[in-house]
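Keep in mind that the numbers below use all heavy atoms, side chains included, and drop hydrogens, waters and symmetry copies. Since we're looking at a predicted model, the values are computed, not measured.
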Amino acid sequence: MVAGAVNNEIVSVVSPVRLWKAIVEDSHNLMPKLMPDIISSIVVLEGNGGVGTIRQSNFTNVLKDFSYWKDRIDAIDDQNHVFKYSVIEGGLIGKKVKSTCFELKFEAGADGGSVCKLHGEYETIEDSLPTQAESMEMMGSMVAMFKAIEGHLVANPDAYA
């Protein structure tokens, strides 16, 4: 097993508060609407949206490697806009990685916008790190989801205000 990490920063014209509301508080409703070709549903299995909540994201057959994943909310800091979660089942768990956890942090940016810092940590099953392409693919799906939500918020300036 080998431990690794991926990082990315996304600069957005949308405020941290609006991104927080859409991505952290309402993504289970919003993502299937914005990306129906990839995400068929996100269901809360346990909890009320706080720490310990377990959600299942169900994917369409566009994703060939897996059909779902379950994640657990590990930390929510509403004041500092920090959200942490771990994928606990499905996805690449048991196939390529033993464990994964992600942190999203939304900070104030220029002109009322924001900077979203994405950090992921994982432990591989085999004794090698993913290739650069595989690491970019891991981060790419998170960036695509972020951009879909950002586009929705830009097009709908009153949403999540």
Side-chain angles (χ1 to χ4, degrees), residues 1 3-10 12 14-108 114-125 135 137-153 156 158-161:
M1 293 181 287
V6 291
N7 294 290
N8 200 353
E9 283 189 12
I10 304 171
S12 176
V14 179
S15 74
V17 171
R18 290 184 68 215
L19 285 169
W20 179 262
K21 288 178 182 177
I23 293 173
V24 175
E25 295 177 358
D26 200 39
S27 66
H28 62 286
N29 291 314
L30 192 55
M31 289 310 304
K33 293 175 186 172
L34 297 180
M35 300 181 83
D37 53 326
I38 298 172
I39 302 170
S40 59
S41 66
I42 300 175
V43 181
V44 176
L45 301 176
E46 292 179 30
N48 60 2
V51 172
T53 294
I54 296 176
R55 305 172 298 182
Q56 180 170 314
S57 297
N58 298 300
F59 302 102
T60 67
N61 59 7
V62 169
L63 296 182
K64 302 297 182 204
D65 292 333
F66 52 88
S67 62
Y68 79 98
W69 77 40
K70 289 182 184 177
D71 62 58
R72 178 189 62 239
I73 298 174
D74 298 324
I76 297 177
D77 182 340
D78 290 313
Q79 186 173 3
N80 294 306
H81 298 123
V82 178
F83 178 70
K84 296 179 184 180
Y85 69 96
S86 298
V87 178
I88 58 172
E89 183 182 309
L92 297 177
I93 300 293
K95 295 177 181 178
K96 293 186 178 185
V97 296
K98 183 178 177 183
S99 63
T100 62
C101 61
F102 297 95
E103 178 181 285
L104 305 167
K105 183 174 185 178
F106 303 91
E107 297 178 345
S114 60
V115 176
C116 178
K117 295 181 179 184
L118 308 171
H119 176 73
E121 295 180 2
Y122 56 87
E123 190 173 3
T124 65
I125 291 175
S135 292
E137 184 179 340
M138 272 192 266
M139 195 55 71
S141 61
M142 291 184 70
V143 171
M145 290 181 200
F146 179 92
K147 288 297 185 183
I149 289 175
E150 178 188 48
H152 174 75
L153 295 175
N156 299 280
D158 294 332
Y160 303 96

Quick one: list whatever passes side chain to side chain contact (heavy atoms under 4.5 Å, CB included) with [X], sequence neighbours left out.
X     : answer
Ser41 : Val43, Asn58
Lys84 : Asp74, Ala75, Val82, Glu103
Ser27 : Met31, Arg55
Asn48 : Thr53

State the [atom1]-[atom2] distance between [X] and [Y], to the nearest 0.5 angstrom.
X      : Y      : atom1 : atom2 : value
Ile125 : Lys96  : CD1   : NZ    : 10.5 Å
Phe59  : Ser40  : CZ    : OG    : 8.5 Å
Met142 : Asn8   : CE    : CG    : 9.0 Å
Met145 : Leu118 : CE    : CG    : 11.5 Å
Ile39  : His28  : CD1   : NE2   : 13.0 Å
Phe83  : Glu25  : CZ    : CD    : 10.0 Å

Any donor-acceptor pair under 3.5 Å linking the side chain of [X] with the backbone of [Y]?
X      : Y     : value
Lys21  : Asp26 : no
Ser114 : Val14 : yes
Ser86  : Arg72 : no

Under the salt bridge (charged side-chain N to carboxylate O under 4.0 Å, His left out) test, which residues partner [X], sequence neighbours left out?
X      : value
Lys105 : Glu107
Glu121 : none
Lys98  : none
Asp78  : none

Closest heavy-atom contact between [X] and [Y]?
X      : Y     : answer
Gly91  : Trp69 : N-CB, 3.7 Å
Ile42  : Ser57 : CG1-OG, 3.7 Å
Ile76  : Gly49 : CD1-O, 3.3 Å
Glu150 : Ser12 : OE2-OG, 2.6 Å

Checking [X] now: which residues fulfil ring pair (Phe, Tyr, Trp, His ring centres under 6.0 Å) with it, not counting sequence neighbours?
X      : answer
Tyr160 : none
Tyr68  : none
Phe146 : none

Taking side chain as C-beta onward, heavy atoms only, is [X] less than 4.5 Å from [Y]?
X      : Y     : answer
Thr100 : Ile93 : yes
Phe66  : Leu63 : yes
Leu104 : Trp20 : no
Leu19  : His81 : no
His152 : Leu30 : yes
Phe102 : Asp71 : no

Output all residues satisfying side chain to side chain donor-acceptor pair (under 3.5 Å) with Asp158, sequence neighbours left out; order by chain, then residue number. none
